[in-house]
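Along the sequence shown, residues carry numbers from 1.
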Amino acid sequence: MGEMTLVEVRGLRLALGGRTILDDVSFAISAGEVVGLLGPNGAGKTTTLSVLSTLRRPDAGMVAVAGHSVSDAPSAVRSALGVVPQSIALYPSLSARENLWFFARAARLGGGAARAAVDRALVLVGLEDRAADVVATFSGGMQRRLNLACGLLHAPRVVLLDEATVGVDPQSRERILDAVRGEATRGAAVLFSTHLLEEAERVCDRVVLLDHGRVIASGTPAALVHELGEGLRLTLVTREPLPAGWLDGAGAGSAAGAPVVTPRGHEALVTLATLADAALVLERATAVGGDVLEFHLHQTDLQDVFLRLTGRELRD
């Protein structure tokens, strides 16, 4: 493990009930970095977090957190971790401050250090005005924010977040995402598991895409979109289907390549090399007698890459 590498996973394998859940998973996270863990339902995301948080022992491979093996030194690993689970892990009959105080004591903070940590955590998630209120009276978004605060109050070196923004209001989501980036700025290594790909594009320096327990792609969101995306796509809707070959030869002299057409009845999906090709395509559609009713221009994003690599079927 390098000096700045706080999470290292190499060749991780795990089987449960005779079924392989994780198969040769490898990735690393450096201090000051947010890495997104993405994948369909059942891809192995939560199981990976369970191994990192020492809740499950790997069958094979090397998994280390802050220089400590999860198999050989689980107590040292837990001391370095801040875990924010998908399920709300709060005591509803206690106030926000009492919940934070409990978790501060669990993290072996005491006295003035604990009080300062609790105060900072309340400010971090915008709950300082509700500190004395009982958690049972909180909205879902407020409980999510307090859940996050409990996982971060002891300034952990490594932060594991599992779907930290599920079911929250827009304001709470903004506060949570800002806090995630703030942890990286502080110098923590952050693993951010999410199915909301726009969040991953916004807060993650790199992403790791899991499918059927294997890493099928990794890199910066921009690099994955560039390498695996389809560029610009123009969808044309016409009154009548366009004739076969209506775009033949268009853009053939361009170094970026000619547009590619996928006919779909009254729709035509055109993959473009450059934005300038959009005007050419519309002109050609009009020239061949197409009555264009509407058109949509779409820039490939991380969601397109995700669906292309994993498919569109729903999984459990």
Side-chain angles (χ1 to χ4, degrees), residues 1-14 20-39 43-84 151-152 155-164 180-195 197 199-228 302 305-306 309-310:
M1 177 175 289
E3 183 180 352
M4 296 300 291
T5 303
L6 292 180
V7 174
E8 188 169 10
V9 178
R10 289 207 308 261
L12 170 59
R13 297 181 186 274
L14 180 69
T20 298
I21 306 298
L22 299 173
D23 185 9
D24 197 27
V25 171
S26 298
F27 62 89
I29 311 175
S30 298
E33 187 178 34
V34 180
V35 171
L37 190 62
L38 314 179
K45 302 187 299 297
T46 298
T47 304
T48 301
L49 291 172
S50 295
V51 172
L52 284 166
S53 57
T54 75
L55 296 178
R56 293 191 183 277
R57 288 179 63 90
D59 295 329
M62 190 280 292
V63 181
V65 173
H68 305 288
S69 165
V70 298
S71 299
D72 299 334
S75 295
V77 168
R78 289 191 287 270
S79 295
L81 283 177
V83 179
V84 182
L152 302 182
R157 299 181 67 193
V158 176
V159 179
L160 307 179
L161 302 109
D162 191 4
E163 305 286 358
V180 170
R181 282 305 321 174
E183 288 301 293
T185 301
R186 176 178 64 77
V190 181
L191 184 60
F192 184 75
S193 172
T194 181
H195 69 280
L197 302 182
E199 289 186 357
E201 285 187 299
R202 173 176 164 184
V203 304
C204 295
D205 301 295
R206 292 185 296 112
V207 296
V208 176
L209 181 54
L210 282 180
D211 196 24
H212 297 297
R214 297 184 64 89
V215 176
I216 59 172
S218 63
T220 68
L224 290 179
V225 168
H226 177 73
E227 294 168 11
L228 301 172
L302 192 57
V305 172
F306 180 93
L309 291 175
T310 65

Side chains of Asp24 and Arg13: does their closest heavy-atom pair fall under 4.5 Å?
-> yes
Taking salt bridge (charged side-chain N to carboxylate O under 4.0 Å, His left out) as the test, write out the residues that go with Arg181, two or more places apart.
-> Asp205
Pairwise distance OG(Ser30) to CE(Met4) - rounded to 0.5 angstrom | 7.0 Å
Which residue pairs pass the salt bridge (Lys or Arg N to Asp or Glu O under 4.0 Å) test with at least one member in residues 26-37, sequence neighbours excluded?
-> Glu33-Arg206
Contacts of type side chain to side chain contact (heavy atoms under 4.5 Å, CB included), residue Thr194, not counting sequence neighbours = Leu38, Glu163, Phe192, Leu196, Glu199, Ala200
Lys45 side chain to Gly39 backbone, donor-acceptor under 3.5 Å | yes
With a 4.5 Å limit on heavy-atom distance, are the side chains of Pro58 and Val70 in contact?
-> yes
Listed partners of Thr47 passing side chain to side chain contact (heavy atoms under 4.5 Å, CB included), at least two apart | Leu14, Ile21, Leu22, Arg56
Pairing residues for Arg214 by the side chain to side chain donor-acceptor pair (under 3.5 Å) criterion, not counting sequence neighbours | Asp23
Taking the side chain as every heavy atom from C-beta outward, state whether Val207 and Leu224 have any pair of such atoms under 4.5 Å apart.
-> yes
Rounded to the nearest 0.5 Å, how far apart are CZ of Phe27 and CD of Glu8?
-> 10.5 Å
Contact check, side chains of Val63 and Leu52, non-hydrogen atoms, under 4.5 Å | yes
Who passes salt bridge (charged side-chain N to carboxylate O under 4.0 Å, His left out) against Asp162, sequence neighbours left out?
-> none
Looking at residues at least two apart in the chain, or sitting in another chain, which of them share a salt bridge (charged side-chain N to carboxylate O under 4.0 Å, His left out) with Arg78?
-> none
List for me each residue that meets side chain to side chain donor-acceptor pair (under 3.5 Å) alongside Ser218, sequence neighbours excluded, and say none if there are none.
-> none
Do Val208 and Val25 have side chains that get closer than 4.5 Å, going by heavy atoms?
-> no
Using side chain to side chain donor-acceptor pair (under 3.5 Å) as the criterion, list what pairs up with Glu201, not counting sequence neighbours.
-> none
Please assess Val215 against Leu210 for the test side chain to side chain contact (heavy atoms under 4.5 Å, CB included), listing each intermediate value before the final yes or no.
-> CA-CA 5 Å; Val215 176; Leu210 282 180; 3.8 Å; yes
Do Asp211 and Leu309 come within less than 4.5 Å of each other through their side chains, counting heavy atoms only?
-> no
Return the set of residues passing side chain to side chain contact (heavy atoms under 4.5 Å, CB included) with Ala28 (not counting sequence neighbours), or none when no residue passes.
-> Thr5
For residues Leu6 and Gly187, report the shortest heavy-atom separation together with the two atoms involved.
-> CD1-O, 4.2 Å
So, Arg186 side chain and Pro156 main chain: donor-acceptor pair closer than 3.5 Å or not?
-> yes
Between atom CG of Leu160 and atom CD1 of Ile29, what is the distance when rounded to the nearest 0.5 Å?
-> 7.5 Å
Those residues that, when tested against Ala223, pass side chain to side chain contact (heavy atoms under 4.5 Å, CB included) (two or more places apart) | Thr220, Glu227
Could you give me the CA-CA distance, side-chain angles and deciding distance for Val7 and Leu191, then say whether side chain to side chain contact (heavy atoms under 4.5 Å, CB included) is met?
-> CA-CA 9 Å; Val7 174; Leu191 184 60; 5.9 Å; no
CG of Leu209 to CG of Leu302, rounded to nearest 0.5 Å, is 8.0 Å
